[in-house]
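Working notes, beginning with the structure itself.
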Amino acid sequence: MLIAYKDARVLTTTYLTQRLIHDLMLRRKTGQPFIRQGGGGRSTSNGHIATVFGCTGFLGRYVVHRLAQQGTQVVVPFRDSEEARHLRVTGDLGQIIPLEFDLKNRETINECVRHSDIVYNLVGRDYETNSITLVARNFSFDQVHVDGARAIAEACAENDVARLVQVSSLNANEDSTSAFLRSKAKGEKAVREIIPDTTIVRPGTMYGQEDRFLNRIGTGEGWQFWVNESQAKIRPVYAIDVAQALEVILGAESTMGKTYEFYGPKEYSYQQLFDIAREISKKPLPTYNLPTSVAKLAASVLDKFPYNQMISPDLIERMTLDDKPTPGALTFADLYIEPTDLDAVALQFLRRFRSTAVFDLPYEKGEGQVKKGVYHVID
Ligand SMILES: NC(=O)c1ccc[n+]([C@@H]2O[C@H](COP(=O)([O-])OP(=O)(O)OC[C@H]3O[C@@H](n4cnc5c(N)ncnc54)[C@H](OP(=O)(O)O)[C@@H]3O)[C@@H](O)[C@H]2O)c1
């Protein structure tokens, strides 16, 4: 076996390469060895096979990209093949393996995990999905976050998968007033009962190009953020930072059995976030103080529509809750990652909402405070 010690050189038929001791990795639980070849990017292989459930979502694409870039072969389970198409180009030919699965069908889950040495569960839903009959739910929060997570953990245990990483949510708590957050906490418990050394990751509200957060604020669709006088305080986190942390976790066996909370370096009220969005987009983006009970009533009507994907009473409830990181919990700093400052990158995500007349104006924080009606939207 080509195990390399520091400065040992291995002459291959095509190129001279250097392997170092840290190119060799052993899975603590199974003893499987992995030898890395290449320095990252195309034609790199690190020997790992990862399954990323929930890869078709917002965070998923960044996780798959990060893993593939480091030479990991990535199994991408999907429900709708169109939703997984963009993931194919994140790796070399044959490196990204799409497999159809159903969260309620154990055979398909087994098929997705049986070759992998690490499984990520990113499956989650902000709302409960209605069936066309309006009577039963297709997937309740518990079915997705508890039963689904349990099924994935059981499949990992059956197939001797060395590592499981469960993505939960900041503020997950069995006593929370939000059903979403309660189900996330129950999901954490369910996976730890089956695989005690599961790594649990709790991200805060994530932002990025395809988010459901700054994009809603920028387009003015974010009326749910107006509840609680937009004073709820959150710590938004950059999706790419979370993806980077998930990539680090792949190789860091010391993260087994631990819980990490990933949140941004600054706390903002929704009001402050609207101010940033106004400054950058140069749009008035008016907000109104919506009584929580009225918002919930409106949301519960909208929630009855089968194809509503935006609003639910539980989402309104979450919009009234402050982010409360657990004191002493492990964070980015424990993985030597410095989280991105939202102020530093918000321009990338919010400039697209500017009208063409002001598109090229620079953004300097504090300047150009937008007063209602000063900027006219020319679309
Ligand atoms: N985004 C945030 O701000 C935020 C904050 C805290 C925690 N989280 C958690 O972080 C994880 C990733 O977030 P995200 O924003 O990337 O989520 P997302 O964009 O909503 O994607 C969710 C993923 O889960 C899959 N999924 C949902 N319900 C499913 C079901 N019944 N059966 C099979 N697959 C299902 C989706 O597959 P389809 O494409 O087939 O629907 C998709 O791949 C989730 O667990 C989420 O709860 C997110």
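Throughout, numbering of the chain's residues begins at 1 and tracks the sequence. Because the structure is predicted, anything quoted here is derived from the model rather than measured. Just so you know, ligand 1 is whichever comes first in the structure, and atom 1 is the first atom listed for that ligand. What's counted below: heavy atoms across the whole structure, side chains too, no hydrogens, waters or symmetry copies.
- In this structure, Arg36 and Gln70 have side chains that are in contact, with non-hydrogen atoms separated by less than 4.5 Å.
- Looking at Leu122, Asn171, Val144, it is Leu122 that brings a heavy atom closest to atom 12 (C) of ligand 1.
- Protein heavy atom nearest atom 26 (N) of ligand 1, with residue, atom name and distance: Val123 CG1, 3.7 Å.
- Nearest protein heavy-atom neighbour of atom 22 (C) of ligand 1: Gly124 O, 3.2 Å.
- Backbone and side-chain nitrogen or oxygen atoms of His145 are examined, and none is located within less than 3.5 angstrom of a nitrogen or oxygen of ligand 1.
- The shell of residues lying under 4.0 angstrom from ligand 1, judged by heavy atoms, includes Phe101.
- Among the atoms of Gly60, none of the N or O lies under 3.5 angstrom from an N or O of ligand 1.
- Taking the six-membered ring for Trp and thresholds of 30 and 60 degrees, Phe332 and Phe262 have nearly parallel ring planes, at less than 30 degrees apart.
- Atoms of ligand 1 found under 4.0 Å from any heavy atom of Val167 (numbered from 1 in listed order, with element): 10 (O), 11 (C), 45 (O).
- Taking each of Arg125, Arg202, Glu210, Arg212 in turn, the one with a heavy atom nearest to atom 17 (O) of ligand 1 proves to be Arg212.
- The closest approach between any non-hydrogen atom of Gly204 and ligand 1 is below 4.0 Å.
- In this structure, Phe141 and His145 have parallel ring planes: the angle between them is below the 30° cut-off, well short of the 60° mark.
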Using side-chain contact (heavy atoms from CB on, under 4.5 Å), reason through Glu317 and Lys296 one step at a time and then give a plain yes or no.
CA-CA 8 Å; Glu317 177 61 25; Lys296 276 191 183 167; 2.6 Å; yes

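- Every atom of ligand 1 is numbered from 1 in the order shown, and the set under 4.0 Å from a heavy atom of Thr56 is 36 (C), 37 (O), 38 (P), 39 (O), 40 (O), 42 (C), 43 (O).
- Contact analysis puts Lys184 in contact with ligand 1, with a non-hydrogen atom separation below 4.0 angstrom.
- Taking a cutoff of 4.0 Å between a charged side-chain nitrogen and a carboxylate oxygen, Glu261 and Arg202 qualify as a salt bridge.
- For atom 40 (O) of ligand 1, the closest non-hydrogen atom of the protein is Arg79 NE, 2.9 Å.
- Classification of the Trp226-Tyr288 ring pair by plane angle, with boundaries at 30° and 60°, yields perpendicular.
- Ion pairing between Lys29 and Glu253 fails under the 4.0 Å rule for side-chain N and carboxylate O.
- Phe34 places a side-chain heavy atom less than 4.5 Å from the side chain of Arg27.
- The side-chain heavy atoms of Gln166 and Arg192, taken from C-beta on, include no pair separated by under 4.5 Å.
- Residue contact check: Thr205 has heavy atoms under 4.0 Å from atoms 3 (O) of ligand 1.
- In this structure, the side chains of Trp223 and Ile311 come closer than 4.5 Å at one or more pairs of heavy atoms.
- Evaluated for a side-chain contact (heavy atoms from CB on, under 4.5 Å) with Ile96, the options Val75, Thr72, Val74 yield exactly one hit, Val74.
- The protein non-hydrogen atom at the shortest distance from atom 4 (C) of ligand 1 is Met206 CE, 3.6 Å.
- Distances shorter than 4.0 angstrom occur between a heavy atom of Ser168 and an atom of ligand 1.
- For atom 21 (O) of ligand 1, the nearest non-hydrogen atom of the protein is Gly57 CA, 3.2 Å.
- Taking 4.0 Å as the cut-off, Phe180 counts as a neighbour of ligand 1 on heavy-atom distance.
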request  = In sequence, state the C-alpha distance, the side-chain angles, and the governing distance for Tyr263 and Tyr238, and then conclude on ring pair (Phe, Tyr, Trp, His ring centres under 6.0 Å).
outcome  = CA-CA 8 Å; Tyr263 44 86; Tyr238 195 22; over 10 Å; no

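- Distances below 4.0 Å separate heavy atoms of Phe139 from the following atoms of ligand 1: 31 (N).
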_Check against side-chain contact (heavy atoms from CB on, under 4.5 Å), Asp303 and Asp314_ = CA-CA 10 Å; Asp303 193 34; Asp314 193 72; over 6 Å; no

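- Within the 4.0 Å heavy-atom cutoff, Asp80 does not count among the residues contacting ligand 1.
- Counting only non-hydrogen atoms, the option in Gly54, Pro203, Ser183 that gets closest to atom 23 (C) of ligand 1 is Gly54.
- Of the protein's heavy atoms, Leu59 N, 2.8 Å lies nearest to atom 16 (O) of ligand 1.
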